[in-house]
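Report on the following structure.
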Amino acid sequence: MSTATPQKFEFQAEIAQLLDIVTHSLYTEKEIFVRELVSNASDALEKFRHTSLTEKEVFDADAKPAINLTTDDKAKTLTISDTGVGMTRAELIENLGTIAHSGSKAFLKALGEGGQKNANLIGQFGVGFYSAFMVAKSVKVYSRSWRTGEPGHVWTSDGSGSYEIEEAADLSRGSKIVLELKDECTEFATEGRIKEILERYSAFVSFPVNLNGTHINTVTALWLRSKHEIKDEEYTEFYKFQAHAYEDPMLRLHFSADAPLAINALLFVPQENTERYGFARLEPSVSLYCRKVLIDAAPKDLLPEWLRFLKGVVDSEDLPLNISRETMQDKALLDKLGKVITKRFLKFLDEEATQRPESYVKFYAQFGLFLKEGAALDHAHKDQLVKLLRFESSLTDKTKATSLADYVSRMGADQKEIYYLVGANRATIESGPYLEGFKARNLEVLFCYEPVDEYVMNNVREFDGKKLTAADHGDVKLSDLPKPEGALSEDDTKKLTNWLKETLGERVGEVKASDRLVDSPALAINADKFMSAHMRRMMKAMNKDGADTPSKVNLEINPRSAVMKRLFETHTASPEKARLVAEQILDNALISAGMLEDATPMVARLYKLLESV
Ligand code: ADP
Ligand code: MG
């Protein structure tokens with residue numbers, strides 16, 4: 001088929017769905033489409049600048065880099081054109097008609113999960129182009145690629161399921177997007193309205209922006225200016241433009257350094273951690289500049305992985321413009337740059353934590369997981385990161401958290417280790433049997449509620465020379481407490497533990513008297529050195545190998561508990577009933593430990609026990 005005649009295409013199903021959402025449910029802040037289209041034009045110009053550095057032959061080599069907007073309030077149109085890379089026919093189909101473009105998929109997923117509230121995540125997910133359909137009843141994209149020998153095309157759609165592509169004569173390089181505005185959106189065909197929108201952020205666009213022939217922006221790199229002369233609103237507008245964000249940033253750090261590298265950096269922490277809600281994994285997005293010239297909008301290995309939530313820019317005049325990660329020298333330079341920035345950001349967080357604890361708590365609630373990830377995996381920054389971690393504990397009030405340093409400051413002279421317990425929430429941990437022995441001895445225990453905590457604690461291993469120890473671990477040794485009146489004698493306890501081991505057989509490893517119990521009759525200790533009960537539960541949930549080998553369990557009993565004293569009497573007097581009680585005690589202990597795998601035998605046994613009451 002000749003490409004000279006118009007050809008009709010259906011949008012991919014997902015795009016059609018996306019367009020439906022964009023045109024019918026996104027009513028707030030319609031004006032953002034201007035920012036999205038200008039930012040696409042700017043991206044295209046940036047791409048062309050890069051391309052022209054390496055390609056010998058480019059079409060329209062002399063076209064000046066610029067973004068031109070024209071309004072026509074009679075025709076009710078707005079036109080945005082650029083002299084960027086442009087698109088070939090195949091690229092028009094690929095970029096504007098298919099989901100291959102990954103942002104769209106993530107966006108749909110996010111909308112599905114987050115509902116209306118997140119409808120304004122549109123730009124963040126790289127589906128900015130489609131925002132044109134919020135205001136336009138028809139969109140035409142005239143485009144001609146930088147590649148020589150490629151004709152120009154016009155892409156047309158009304159956003160309702162299909163689009164058309166047709167060859168177009170006499171186009172120069174770049175793209176021109178013509179919006180035929182909906183009747184209720186004609187304000188965007190007036191110069192005043194567009195000017196007002198552009199003025200807020202066009203200074204951040206590093207190419208000339210013209211409106212109806214008048215140049216309106218002077219390029220100022222905000223990050224190079226002195227922070228004393230920058231207004232909060234300027235920072236916020238910059239953040240929104242640069243990070244495609246719709247809310248103010250949560251935190252901001254603007255700093256410069258001269259040694260060991262000349263750096264100007266402007267970093268932002270967003271309001272929300274979208275990964276927390278199960279959205280797509282964040283991609284690093286702090287842009288790298290050298291003297292205002294963009295080198296890489298999203299350098300992969302500038303900053304450590306756990307800082308992937310950061311937005312903003314880093315500018316260093318010590319970088320070569322043609323920096324390449326392939327050359328060792330440049331890689332070393334990038335590493336060094338990354339280290340300086342990471343260190344500075346960690347210091348900033350530390351200051352937040354001490355000087356503005358409320359702000360830090362808010363930050364930690366969203367982004368604490370990233371700090372944990374770093375503490376566990378990034379050896380270079382582990383020490384500073386561990387200091388920033390916060391946990392509730394047996395001594396804090398509910399929802400108040402403590403740092404490890406504060407924990408250590410409260411430790412008694414003879415306490416050698418830092419204790420923690422992993423559980424779903426405070427109530428679960430407090431009602432379990434593991435805490436009471438520590439409470440009775442005034443030992444503080446950290447409460448860990450996140451599934452990753454156990455992994456983090458295992459990797460961090462120690463703080464300030466003190467080992468991090470799970471309070472439900474088999475090796476924990478606690479000091480003697482004065483024996484209360486009426487406990488079973490050591491002899492009787494020995495007899496009882498031997499009998500229990502014999503009676504419970506394969507179901508338990510060791511049975512012994514416990515030093516961590518005060519009120520509860522017994523507790524189960526996971527005796528598997530390699531897999532904690534918590535980890536086993538997670539592996540089971542994920543259907544991982546190894547989770548269904550029987551767990552190794554030790555039973556610790558409390559010689560002071562009435563249940564044990566009674567059991568000691570019955571185990572000789574009525575051995576059959578005592579056996580049922582012993583089995584039930586073990587099951588109860590397993591339930592508290594979250595290790596009971598099959599509760600069915602327990603039900604029958606309980607009925608038997610009830611019969612004998
Ligand atoms: P994003 O900009 O995040 O990639 P968009 O939905 O805004 O997502 O744009 C989709 C794609 O369409 C871009 O990645 C780009 O390849 C292409 N595109 C959009 N506008 C232009 C333009 N003005 N010039 C060249 N390509 C463009
Ligand atoms: Mg875009």
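Numbering starts at 1 and runs along the sequence shown. Atoms within each ligand, like the ligands themselves, are counted from 1 in listed order.
The side-chain tip of R89 does not point at the ring of F9 from less than 6.0 angstrom away and within 45° of straight on.
At least one N/O/S atom of N40, whether from backbone or side chain, sits less than 2.8 Å from the Mg ion (ligand 2).
Summarising the local packing, NZ of K382 is surrounded by more than 12 heavy atoms from other residues, nucleotides or ligands at distances under 6.0 Å.
Note that CE of M134 and CD of E31 are 9.5 Å apart. Values are rounded to the nearest 0.5 Å. Here the OG-CZ distance, from S316 to R291, works out to 9.0 Å after rounding to the nearest 0.5 Å.
Ligand 1 has an N or O atom lying under 3.5 Å from an N or O atom of D82, backbone or side chain. In terms of polar-atom proximity, defined here as any N/O pair under 3.5 Å, F129 does make such a contact with ligand 1. Checked against a 3.5 angstrom limit, the closest N/O atoms of G128 and ligand 1 fall inside it. The N/O atoms of S175, backbone and side chain alike, include one that comes under 3.5 Å of an N/O atom in ligand 1.
Remark: ligand 1 atoms within the under-4.0 Å shell around heavy atoms of L96 are 12 (O).
Residues F48 and W146 place their aromatic rings such that the two centres sit no closer than 6.0 Å.
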*Report the C-alpha separation of F188 and F33 in whole Å, then their side-chain angles, then the decisive distance to 0.1 Å, and conclude whether the ring pair (Phe, Tyr, Trp, His ring centres under 6.0 Å) test is met.*
CA-CA 10 Å; F188 300 111; F33 81 92; 5.1 Å; yes
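Using a 4.0 Å cutoff on heavy atoms, M87 counts as a contact of ligand 1.
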